[in-house]
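As structure tokens, the structure follows; a few thoughts come after it.
Below, all heavy atoms of this structure are taken into account, side chains as well, without hydrogens, waters or symmetry copies. It should be emphasised that the depicted structure is a prediction, and the values quoted were computed from it without experimental measurement.
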Amino acid sequence: MTQRIRMAVFPVAGLGTRVLPATKTIPKEMLTVVDRPVLQHCVEEAREAGIEHFVFVTGRNKAVIEDHFDMAYELEDTLKRRNKNKELEELMRDLPRAGATSFTRQQAPLGLGHAVWCARDIIGNKPFAVLLPDMITLPGKHGGRCLAQCIEAYEKHDGNVIAVEEVAMKETDKYGVVAIGKDFGHTFEIKGMVEKPAKGTAPSTSIISGRYILKPEIFSILENVGAGAGGEIQLTDGMKKLSESQGFYGVRFDGKTYDTGSKVGFLAANVAFAMSRDDIRPGFLNELKKIIPSL
Ligand code: UTP
């Protein structure tokens with residue numbers, strides 16, 4: 001029997017340089033897609049997948065994230081007095097239960113591997129999920145959003161799990177790439193991984209896309225892994241080491257993933273999420289047709 005995945009880590013300490021100047025004072029995770037911060041979409045995905053405790057690894061200038069997951073007494077009181085019940089209900093629905101969030105600081109942005117390692121004392125000795133909050137997803141045919149599909153794969157294989165997506169071979173040098181072993185269709189065995197491979201050397205076109213299920217042995221490895229590509233402590237390097245002693249499985253997420261950490265990805269996410277909302281689609285499509293008459 002696999003141990004249930006109850007906790008998820010959200011590394012939110014990066015600088016977001018790709019979306020400057022928007023992120024000069026606003027953390028990129030707080031930029032809005034339709035009517036919620038990017039990070040709230042991610043928390044929803046985790047909640048839908050059964051996550052009960054949300055661990056945020058924050059950095060300087062990210063205090064607003066903590067406030068977002070707290071009560072906003074004056075606002076709630078004003079909404080109540082003005083009978084804005086729908087708005088109030090929505091606020092309360094998005095709020096995690098008391099005690100269901102933890103915040104820790106990554107004092108310097110030394111890399112994703114280091115950010116995940118910062119959560120070690122909060123997670124303890126249990127398998128856990130990691131969600132990169134700049135990636136947001138819409139459900140696929142297989143059922144659920146990306147993390148739900150990862151948890152299903154973890155329960156099936158009882159190993160570490162990485163969600164992947166496909167890119168063109170010429171794009172692979174920008175990402176972590178996995179080598180594919182035994183193939184089960186929706187999932188597969190990972191037999192190698194490499195962070196930002198030199199052009200033409202990638203072992204496949206399946207890139208690591210921002211959702212992971214990891215066993216706690218990753219923490220002691222990350223403690224010693226040292227800086228890798230880009231001078232950063234890379235999660236991929238830690239996972240590669242862990243794969244020498246534990247199984248890793250890939251999940252071909254069949255829904256849509258949007259990288260809100262890039263300007264074009266952020267805009268595409270807004271269009272896709274708006275079009276997925278029954279209350280917004282008709283009005284939004286009208287406006288889009290005014291901008292792009294050929295639609
Ligand atoms: P990215 O490389 O996409 O984030 O890391 P970044 O560094 O903020 O982006 P750019 O390239 O400067 O625009 C993926 C995730 O890992 C987190 C980021 O916040 C992001 O969610 N991260 C990255 C950390 O928490 N700490 C780090 O040291 C690096």
Side-chain angles (χ1 to χ4, degrees), residues 6-8 10 12 19 22-23 25-56 58 62-103 129 131-141 143-149 151 211 255-261 265-292 295:
R6 287 189 55 248
M7 297 179 98
F10 300 79
V12 289
V19 275
T23 46
T25 56
I26 303 170
K28 69 172 173 182
E29 301 80 10
M30 292 304 289
L31 299 176
T32 52
V33 167
V34 185
D35 55 2
R36 284 173 171 70
V38 164
L39 185 54
Q40 181 75 49
H41 289 287
C42 247
V43 164
E44 286 314 311
E45 177 180 333
R47 196 146 52 176
E48 281 167 23
I51 297 296
E52 292 166 2
H53 196 103
F54 309 88
V55 181
F56 301 94
T58 73
K62 303 269 183 168
V64 66
I65 292 178
E66 209 162 329
D67 291 341
H68 177 76
F69 292 106
D70 198 355
M71 307 276 287
Y73 178 74
E74 282 176 17
L75 173 64
E76 287 152 19
D77 189 56
T78 308
L79 291 175
K80 241 178 251 165
R81 279 190 287 109
R82 293 186 186 167
N83 287 325
K84 296 209 171 228
N85 299 325
K86 187 172 156 283
E87 287 80 358
L88 182 63
E89 260 169 42
E90 243 178 306
L91 273 189
M92 300 321 280
R93 200 183 57 215
D94 281 359
L95 196 65
R97 290 178 66 210
T101 52
S102 297
F103 296 85
L131 296 93
L132 302 197
D134 35 11
M135 309 301 284
I136 56 174
T137 72
L138 285 172
K141 288 193 210 77
R145 291 202 243 179
C146 193
L147 190 67
Q149 296 193 8
I151 290 181
R211 301 288 183 267
K256 288 268 181 236
T257 305
Y258 299 92
D259 178 9
T260 65
F266 175 74
L267 294 169
N270 265 290
V271 175
F273 275 66
M275 292 301 286
S276 75
R277 287 262 302 257
D278 292 342
D279 57 334
I280 296 204
R281 190 187 317 107
F284 182 61
L285 195 54
N286 263 343
E287 292 303 317
L288 269 186
K289 282 179 178 161
K290 287 185 207 160
I291 302 169
I292 313 170
L295 271 183

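- Of the possible polar contacts, none joining the Asp259 side chain to the Met135 backbone as a donor-acceptor pair under 3.5 Å is found.
- Side-chain contact check for Arg47 versus Ile51: every heavy-atom pair is 4.5 Å or farther apart.
- No salt bridge links Glu87 with Arg82; every basic N to acidic carboxylate O contact stays at or beyond 4.0 Å.
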Could you give me the CA-CA distance, side-chain angles and deciding distance for Lys80 and Asn85, then say whether side-chain contact (heavy atoms from CB on, under 4.5 Å) is met? CA-CA 7 Å; Lys80 241 178 251 165; Asn85 299 325; 5.6 Å; no
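- Minimum heavy-atom separation, Asp278 to Pro282: O-CD, 3.4 Å.
- Between the side chain of Glu45 and the main chain of Leu147, a donor-acceptor pair closer than 3.5 Å is present.
- Under the 4.5 Å side-chain criterion, counting only non-hydrogen atoms from C-beta, Val43 is in contact with Phe10.
- Of the candidates Glu48, Arg211, Lys256, Arg145 forms a side chain to side chain contact (heavy atoms under 4.5 Å, CB included) with just one, namely Glu48.
- In this structure, NZ in Lys86 is found 11.0 Å from CG in Leu91, a value given to the nearest 0.5 Å.
- Using a distance-only test at 3.5 Å, with no hydrogens or angles considered, a donor-acceptor pair links the side chain of Gln40 to the main chain of Asp94.
- The backbone N or O of Gly255 sits nowhere less than 3.5 Å from a side-chain atom of Lys141 that would complete a donor-acceptor pair.
- With a 4.5 Å cut-off on side-chain heavy atoms, Glu76 and Arg81 do not count as touching.
- Heavy atoms only, all atoms of each residue included: Gly144 and Gln149 are closest at O-NE2, 3.5 Å.
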Assess the residue pair Tyr258 and Phe273 against the criterion (side-chain contact (heavy atoms from CB on, under 4.5 Å)); give the C-alpha distance rounded to whole Å, side-chain angles, the decisive distance to 0.1 Å, and a yes or no. CA-CA 10 Å; Tyr258 299 92; Phe273 275 66; 4.0 Å; yes
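- Looking only at distances, a side-chain donor or acceptor of His41 sits under 3.5 Å from a matching main-chain atom of Val33.
- Taken from CG in Leu79 to CD in Glu90, the straight-line distance is 11.0 Å, to the nearest 0.5 Å.
- Taking the six-membered ring for Trp and the full ring otherwise, Phe56 and Phe69 have centroids separated by under 6.0 Å.
- Ile65 is listed as a side-chain neighbour of Leu39, based on a closest heavy-atom distance under 4.5 Å.
- Residues His68 and Pro37 meet the side-chain proximity criterion, which asks for heavy atoms closer than 4.5 Å.
- Taking both residues in full, the closest heavy atoms of Cys42 and Pro133 are given as SG-CA, 3.4 Å, listed atom of the first, atom of the second, then distance.
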Does the side-chain contact (heavy atoms from CB on, under 4.5 Å) test come out yes or no for Leu285 and Lys289, once each step is laid out? CA-CA 6 Å; Leu285 195 54; Lys289 282 179 178 161; 4.2 Å; yes
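- Inter-residue side-chain proximity for Val271 and Phe284 is flagged as met; some heavy-atom pair is nearer than 4.5 Å.
- In this structure, OG1 in Thr58 is found 7.5 Å from CZ in Phe103, a value given to the nearest 0.5 Å.
- Here the closest non-hydrogen pair linking Ser276 and Leu138 is OG-CD2, 4.0 Å.
- Across all their heavy atoms, Thr101 and His53 have their closest contact at C-NE2, 3.6 Å.
- The CZ atom of Phe54 sits 10.5 Å away from atom CZ of Arg97, with the distance rounded to the nearest 0.5 Å.
- Thr260 places a side-chain N or O within donor-acceptor distance of the main-chain N or O of Asp134, the cut-off being under 3.5 Å.
- Rounding to the nearest 0.5 angstrom, the gap separating the CD atom in Glu44 from the CD1 atom in Ile136 is 12.0 Å.
- Salt bridge annotation for Lys290-Glu287: present, with a cationic side-chain nitrogen under 4.0 angstrom from a carboxylate oxygen.
- Contact record, Ala22 with Leu31: CB-CD2, 4.3 Å, taken as the closest heavy-atom pair.
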